[in-house]
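Reading through the structure tokens given below for one structure.
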Amino acid sequence: MGSLKSVSDRVGGWRMWRLYVAAAICAASMAPSANASELVDRNASGVRLAVNGRGEALITYTAHARLKHVLAWGAINARAPSQAQPQVAFRLDYAGGFGKYHRAYWRSFGHQCGAYRGQPLAWLVAACTAPDGSNWALQAWQRSLPNYGVFASGARSAWDIRLSHWTGPLAALTAKTDWTYRRFDHLYGSLVYQGKPVYGFHTTQHGVRSTATGGSSTSTHSTRGTDPAGIARTAS
């Protein structure tokens with residue numbers, strides 16, 4: 001994967017960002033998650049993505065001085081926000097398929113995913129388009145950076161590796177600033193997916209959405225601008 005570098009752009013005037021978001025789903029190992037997005041690992045190198053014809057992805061990488069094989073399956077796109085219906089979520093097997101198939105499945109995993117035919121993605125690690133037309137992507141970004149541009153070290157500077165799987169039309173995220181105070185801007189916006197708004201029902205004590213769309217993660221396409229909400233964004 002090489003070194004990971006953040007992307008930052010500035011837009012003059014009143015500044016407006018429009019991002020096209022490909023919704024996809026992630027989850028913790030062998031269990032669904034209610035986080036806004038679920039990482040695969042942190043500070044990985046040599047990351048490779050393989051996808052077979054069974055709707056499974058194999059992520060191979062090195063992290064924490066260990067070679068890892070993670071099998072992912074079971075999720076595509078995202079449901080509209082609902083308190084009655086749970087969000088779809090990936091299943092992640094960190095034993096390379098041994099937990100699912102009780103054998104070293106990763107050794108014989110066949111890659112059938114072709115060249116990626118979707119929109120350009122920023123912070124892209126790997127992407128491909130499967131024979132069924134669905135897109136798979138791995139992206140990396142520093143989700144835990146502190147506010148105000150404060151120097152980050154340790155866990156706060158870690159690079160998350162996140163997986164997405166989607167089909168069909170992309171969502172649109174619009175962010176704007178409407179007033180400033182000294183060097184601070186008021187930022188607001190909206191996210192629409194498949195013609196419906198994306199929103200949460202609860203937040204944690206730290207203000208993080210706990211049930212926005214269940215466990216959905218996003219890959220995005222941006223014309224320009226900085227990331228307004230910690231969401232992976234595409235290159236302009």
Side-chain angles (χ1 to χ4, degrees), residues 4-26 34-39 77-83 87 118-125 127 135 137 139-152 156-160 162 164 166-236:
L4 298 172
K5 296 182 179 180
S6 61
V7 179
S8 178
D9 301 307
R10 290 184 178 272
V11 182
W14 59 289
R15 289 178 296 186
M16 175 177 178
W17 303 271
R18 183 171 179 80
L19 297 86
Y20 298 96
V21 185
I25 312 304
C26 294
N35 294 328
S37 63
E38 183 65 39
L39 60 81
N77 299 328
R79 296 190 180 109
S82 172
Q83 297 189 78
Q87 186 57 257
Q119 292 175 285
L121 299 171
W123 301 321
L124 180 64
V125 178
N135 296 304
Q139 289 172 284
W141 70 93
Q142 293 171 292
R143 187 172 182 266
S144 300
L145 288 175
N147 293 328
Y148 313 117
V150 175
F151 176 77
R156 298 300 298 272
S157 65
W159 286 86
D160 289 3
R162 297 177 180 268
S164 298
W166 74 95
T167 62
L170 305 182
L173 172 63
T174 300
K176 301 179 182 179
T177 55
D178 60 356
W179 55 261
T180 62
Y181 174 71
R182 295 180 179 174
R183 63 187 180 88
F184 303 105
D185 293 316
H186 177 239
L187 181 68
Y188 70 100
S190 64
L191 176 63
V192 177
Y193 178 58
Q194 295 184 342
K196 298 180 179 180
V198 178
Y199 53 88
F201 302 102
H202 307 284
T203 60
T204 68
Q205 62 178 339
H206 303 294
V208 178
R209 288 188 317 244
S210 58
T211 57
T213 54
S216 68
S217 68
T218 55
S219 299
T220 69
H221 175 82
S222 171
T223 54
R224 49 172 38 177
T226 55
D227 169 28
I231 299 174
R233 113 188 131 85
T234 64
S236 54

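Start at 1 with the first residue, then count along the sequence. On a predicted model such as this, the values are computed, not experimentally measured, just so you know.
- Using cut-offs of 30° and 60° for the angle between ring planes, the W179 and H186 rings count as parallel.
- Here the straight-line distance linking atom CZ of F151 with atom CZ of R156 works out to 12.5 Å at 0.5 Å rounding.
- Of all heavy-atom pairs between W166 and N77, the closest is CA-OD1, 3.3 Å.
- If you take CG on L39 and CH2 on W141, they are separated by 9.0 Å, rounding to the nearest 0.5 Å.
- Nearest heavy atoms, G118 versus N135: N-OD1, 4.3 Å.
- Listed here is the closest heavy atom pair of L145 and S157: CD2-CA, 4.4 Å.
- At least one side-chain heavy atom of Q87 sits under 4.5 Å from a side-chain heavy atom of R79.
- Taking both residues in full, the closest heavy atoms of V150 and P146 are given as O-CG, 3.3 Å, listed atom of the first, atom of the second, then distance.
- For A175 against L187, the heavy-atom pair with the smallest separation is CB-CD1, 4.1 Å.
- More than 12 heavy atoms of other residues, nucleotides or ligands sit less than 6.0 Å from atom OH of Y188.
- The two residues K196 and A80 have their closest heavy-atom pair at CD-CB, 4.0 Å.
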